[in-house]
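Accompanying notes for the structure given below.
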Amino acid sequence: MHSAAWHARIACGDEVGAGFLVTGRRVLTCAHVVRWSDRAAVTVSFPHARELGELSATVVVHGGWAGEVTDPGDVAVLELDRDVPLAPAGFAPPAAAYTEPYPKLIAYGFPEGYDEGTLAEYQAVSAQLIAGEWLELVAWNGHGQPLVAGFSGAAATLPDGRVAGMITAASDAPDVRKGRMLPLDVMARYWPELRELVPAPGHRDDTRDLLHALLRRAAAGTGPACDPNRLYVDAVGAFGPPLPPGGFSSLWAAAAYVQGEVPDPAAEGRFADRLRELLHGEPALSSPAPAAAPDASAPAAPAWSPVVVEIDHSGAGPDQVTVEVSAYRDGRRRPVGARRLPRNAVRAYVQSRIDEAVAHLAPDADELVTFVLPREWLNEAVAHWECGADDSTPLGCAYPLVVTDRARHHSGRLRHQLRKKWQKLDSGGAIEVHRVECGTRERPPSLRKRLWDGDAHLAGFAAPPTAARQHFEVGLTVPVPVLLWPRTGAPCPGHEDAPRSGAGPEDRPCPGTAFLDQLTAAVAGVPPAELPRHILSLRLTAAADDEPDRHWASDVQLLWDDPRCFPETTASLHSPVA
C-alpha cells in the first residue's frame with residue numbers, strides 16, 4: 001500500500017478544499033480554494049499525520065485564475081510556515097492519465113461532513129483537452145462518491161499512488177457524475193518548476209536535471225540577465241514551433257514549454273547549452289568556439305585539470321541537495337551530470353560520475369578532484385569515499401583531492417584577492433604555517449588581523465571546524481589559499497576553553513598540538529601548488545600504516561583554493577543570447 005500522508009486539507013475562510021504536498025514545504029491546490037487568502041488565513045492539515053496539527057500557509061504562486069469556473073490558471077502553490085517530515089507526492093509521466101486504456105483515477109477530497117476525507121473514483125473521457133486546459137472526467141462506475149465541493153485541489157492519482165493531475169471542477173447537475181482535472185503538463189504552464197518533479201519521457205534525466213540546476217542558478221540573480229524568448233528561439237531553431245503569443249515571462253516558463261510542448265527532445269539539451277553558455281561564459285558543447293589566445297601578461301595558470309563536484313541545497317527540503325559534476329579541459333567547463341538527491345544518495349551518484357568526468361580530461365592532464373561544498377559539509381569525509389561499488393580504494397588515495405567552501409568559491413571579492421595571493425606564491429619562497437592552536441583563546445577578530453597582517457598563505461587548525469567554528473569561519477573569509485585540519489577530534493582536556501573529561505592527567509600531550517607539529521614538518525619546503533599531490537602521498541602513507549586510524553594524517557582535510565584552476569572567459573556578458 002502506498003503512503004497517503006501527503007494528501008492535504010485546505011481551509012481559507014468558508015472555502016474547504018484539498019491539496020497535496022510536493023516538497024517539504026510546498027503544497028499544490030486550486031486557486032479558487034484560496035480565493036479569499038487576501039482577507040482570511042490559509043490553513044493546511046494532513047489527515048494521515050494529525051499530530052502535525054493545522055499549519056499556516058501563504059500563497060506564493062498564483063496561476064492567474066480570474067474568478068469564473070471556466071477561467072484558466074486555476075492553480076496555486078502554498079508555502080507552509082515550516083517544513084513537514086512527510087514524503088512528498090510522486091508524479092506519473094504527464095500523459096499517464098489519458099493514455100488508452102484510460103486508467104482509474106482516485107481523488108481524496110473533503111466534502112461537507114467528511115473532515116477526515118473520502119475517496120472518489122473517476123477516469124478521463126478522452127485525451128482531448130477542453131479549451132486547451134482541462135481533461136473531462138466521468139465516474140469509474142455509476143455508484144460511489146461524486147465529485148462535489150471539497151474535492152477541488154485534490155490529486156488525481158493512479159492506483160499505484162502517483163499523481164497524474166489535479167481536480168478542479170465538478171458538474172452541478174443532479175445525478176451527473178462528471179468533473180474536470182488539470183493534467184500535469186497544463187499545470188506546469190502556471191508553475192513551471194513543476195517540470196522538475198515530473199518525469200519527462202523522451203528526455204534524458206541528466207539533461208533535465210542539469211537544466212533545472214542552471215535555472216535555479218539563473219534565478220539566484222548572480223549572473224548576467226538573459227532573454228527567455230531568445231533562448232527559446234535558439235533552442236527550437238528556425239523550423240521549430242514559433243513563440244506562443246506574448247512570449248515567456250521567465251526562463252522557467254520557456255524551459256517548461258520546451259519540455260512539454262516542443263516535439264524535438266534535443267531542444268531541451270540545446271536550451272541547457274545556451275543557458276550554460278550565458279551563465280558560465282562557456283561555448284555550447286554542440287558548437288565549441290576556438291579558445292582565445294592566452295594573455296602573455298597574465299600569470300600562467302596552474303597545471304591542474306579539475307574535476308569538480310559541486311553540492312548545494314536544492315530548496316526542496318532539508319535533506320535534498322543538488323549535485324553537479326563537471327570537468328575542465330582547455331580552459332572550459334564541461335558538465336557531466338547534475339541531479340537532485342537526498343543526502344544519503346550523494347556518495348553513490350558521485351562514485352558513478354567521477355570516472356566519466358576524468359575521461360573528459362586531456363590524456364596528459366594532472367587531474368584534481370575538487371569538492372565545492374556548503375559550509376556545513378566541509379568536514380565531510382569525501383577523501384574516504386570509495387571509488388565505486390567494485391573499487392574500495394578511497395578517493396583521497398586515488399586522486400589528489402581537495403575541498404573548498406561554496407560561498408567562498410563564488411565570492412568575487414575572495415576570487416580576486418586569492419589570485420593576487422597566488423601571484424606572490426608563484427615567485428617561490430617558503431610558506432609559514434599559521435597555527436590555530438587547540439583550545440585557543442585568541443579572539444576571532446584578532447585571528448583575522450593576524451592572517452591579514454602576516455600575509456598568510458596556509459592556516460593549520462588543531463581541531464575540526466565544529467570545535468572552533470568562529471575561528472574556522474575567519475579562515476574561510478580571508479584570502480588564505482590553503483587551510484588544513486584534522487577531520488576528527490576535539491579540544492583536549494587541559495585547555496581552559498575545552499571541556500574536561502576528568503580522565504587522565506592534564507599534562508597529557510595535546511593531539512591537536514601534535515597534529516600541527518607533524519603538519520608543519522610535513523609541508524616544510526613543499527610548493528603550495530604541489531600540496532594536493534603531497535597530501536595524496538600522506539594519505540597513502542597513513543592508509544599503509546600498521547595502525548592507519550592512529551596515523552596523524554589519516555583524517556587530514558585539505559582546503560586548497562586557486563581560482564586560476566577555474567578560468568572564466570571574458571565573453572559571458574556579450575553572449576548573443578543576452
Side-chain angles (χ1 to χ4, degrees), residues 7-23 25-44 56-80 89 91 94 97-98 105 107-111 120 122 124 128-137 147-156 163-172 178-195 197-198 244-250 252-254 256-257 260-261:
H7 289 291
R9 181 181 185 271
I10 316 292
C12 179
D14 294 330
E15 194 81 27
V16 173
F20 47 105
L21 187 73
V22 293
T23 74
R25 202 166 185 165
R26 290 198 163 184
V27 174
L28 267 170
T29 189
C30 289
H32 77 258
V33 171
V34 292
R35 70 179 82 188
W36 311 119
S37 61
D38 59 341
R39 66 191 75 168
V42 179
T43 60
V44 178
S56 298
T58 54
V59 179
V60 292
V61 176
H62 191 284
W65 178 74
E68 298 297 330
V69 173
T70 56
D71 285 335
D74 194 4
V75 175
V77 181
L78 311 182
E79 187 165 280
L80 305 175
F91 291 85
Y98 51 90
L105 299 172
Y108 193 118
F110 302 90
Y122 277 69
Q128 174 67 54
L129 291 178
I130 304 298
E133 186 87 357
W134 301 277
L135 282 177
E136 188 158 340
L137 304 178
L147 291 178
V148 293
F151 276 91
S152 294
V163 176
M166 181 174 72
I167 305 297
T168 60
S171 172
D172 291 327
K178 295 181 68 176
R180 286 181 178 179
M181 67 168 263
L182 287 176
L184 297 174
D185 42 0
V186 174
M187 293 171 67
R189 296 177 194 167
Y190 305 108
W191 187 42
E193 287 89 336
L194 182 62
R195 289 281 177 197
L197 306 175
V198 176
F248 300 106
S249 60
S250 70
W252 277 102
Y257 195 88
E261 308 288 346

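Computed from a predicted structure; not experimentally measured.
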Looking at [atom1] of [X] and [atom2] of [Y], how far apart are the two atoms once the value is rounded to the nearest 0.5 Å?
| X | Y | atom1 | atom2 | answer |
| --- | --- | --- | --- | --- |
| Thr23 | Leu197 | OG1 | CG | 8.0 Å |
| Tyr122 | Leu147 | OH | CG | 4.0 Å |
| Trp191 | Leu184 | CH2 | CG | 11.5 Å |
| Arg35 | His62 | CZ | NE2 | 10.0 Å |

Indicate the atoms forming the closest heavy-atom contact of [X] with [Y], along with that distance.
| X | Y | answer |
| --- | --- | --- |
| Ala40 | Gly13 | CB-N, 3.6 Å |
| Glu133 | Gly73 | OE2-N, 3.0 Å |
| Val69 | Trp134 | O-CZ2, 4.1 Å |
| Phe110 | Val16 | O-CG1, 4.0 Å |
| Glu15 | Val33 | CG-O, 3.3 Å |
| Cys30 | Ser152 | SG-C, 4.0 Å |

Validation row: [X], [Y] side chains within 4.5 angstrom (heavy atoms):
| X | Y | value |
| --- | --- | --- |
| Met166 | Val75 | yes |
| Arg195 | Asp185 | yes |
| Met187 | Leu28 | yes |
| Val186 | Pro72 | no |
| Thr168 | Trp65 | no |
| Val44 | Leu21 | no |
| Val60 | Arg26 | yes |
| Leu129 | Leu135 | yes |

Backbone of Ala18 reached by a side-chain donor or acceptor of Thr29 within 3.5 Å: yes
Polar side-chain atom of Tyr98 near backbone of Pro183 as donor-acceptor pair, under 3.5 Å: no
Verdict with supporting geometry, Asp14 and Trp36, side-chain contact (heavy atoms from CB on, under 4.5 Å): CA-CA 9 Å; Asp14 294 330; Trp36 311 119; 5.9 Å; no
Stepwise side-chain contact (heavy atoms from CB on, under 4.5 Å) check, Leu105 with Ile167: CA-CA 10 Å; Leu105 299 172; Ile167 305 297; over 6 Å; no
Verdict with supporting geometry, Leu78 and Val59, side-chain contact (heavy atoms from CB on, under 4.5 Å): CA-CA 5 Å; Leu78 311 182; Val59 179; 3.7 Å; yes
